[in-house]
Amino acid sequence: NIADLAEESFGGKGFEFIADTDEHVAPKGMVYIALQVLGDAVIASCETDEGAEITGNTFTGELLPAGFILYGRYTKVKFNSGKVIAYKGV
């Protein structure tokens, strides 16, 4: 229903705080629907859900400034630096 979709889009499925350089994998059956940058971050790699491919130029190695929110359907993310909240969704 619409209420469930709205709750999910605002982080109702929880989040993962990332402040290391390890690869983080979304829980089974879930994806990260938004990456909110708390402290300037540099993305090392990411993988998206089928049908949600990233096109155009790569942003690997680019600085994502604090306050930036990157939306998508990420199954895996890894950062070279920074602090990020990865919101979970289905």
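The NZ atom of Lys76 lies 5.0 Å from the CD atom of Glu23; values are rounded to the nearest 0.5 Å.
Two residues are said to be in side-chain contact when any heavy atoms from C-beta on lie closer than 4.5 Å; Thr48 and Thr75 fail this criterion.
Remark: Asp49 pairs with Arg73 by the side chain to side chain donor-acceptor pair (under 3.5 Å) rule, at least two apart or across chains. Checked against side-chain contact (heavy atoms from CB on, under 4.5 Å), Ala44 has the following partners two or more places apart in sequence or in another chain: Lys78, Asn80. Residues passing the side-chain contact (heavy atoms from CB on, under 4.5 Å) test with Tyr71, sequence neighbours excluded: Ala34, Ile69. The side chain to side chain donor-acceptor pair (under 3.5 Å) test applied to Gln36 returns Tyr87, not counting sequence neighbours.
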Indicate every side-chain donor-acceptor pair of residues 14-22 with a distance under 3.5 Å to a residue at least two apart or in another chain.
unit_1 : atom_1 : unit_2 : atom_2 : d
Glu16  : OE1    : Tyr32  : OH     : 2.5
Glu16  : OE2    : His24  : ND1    : 2.5
Asp20  : OD1    : Asp22  : N      : 3.1
Asp20  : OD1    : His24  : NE2    : 2.7

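For the side chain to side chain donor-acceptor pair (under 3.5 Å) condition, the pairs that include at least one residue of residues 60-70, sequence neighbours left out, are Thr58-Thr60.
The minimum heavy-atom distance linking Ile43 with Phe79 is given by the pair CA-CD2, 3.8 Å. In plain terms, the two heavy atoms of Val37 and Leu64 that are nearest each other are CG1-O, 3.5 Å. Residues Cys46 and Ile54 share a closest heavy-atom pair of SG-CD1, 3.7 Å.
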Fill in: Check against side-chain contact (heavy atoms from CB on, under 4.5 Å), Leu35 and Tyr74
CA-CA 9 Å; Leu35 304 173; Tyr74 304 95; 4.1 Å; yes

Item to complete: Determine, step by step, whether Phe68 and Asp40 satisfy the side-chain contact (heavy atoms from CB on, under 4.5 Å) criterion, reporting the C-alpha distance in whole Å, the side-chain angles of both residues, the deciding distance to 0.1 Å, and the verdict.
Response: CA-CA 9 Å; Phe68 185 76; Asp40 290 356; over 6 Å; no

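Crowding of Glu50 atom CD: a count of heavy atoms from other residues, nucleotides or ligands under 6.0 Å not exceeding 12.
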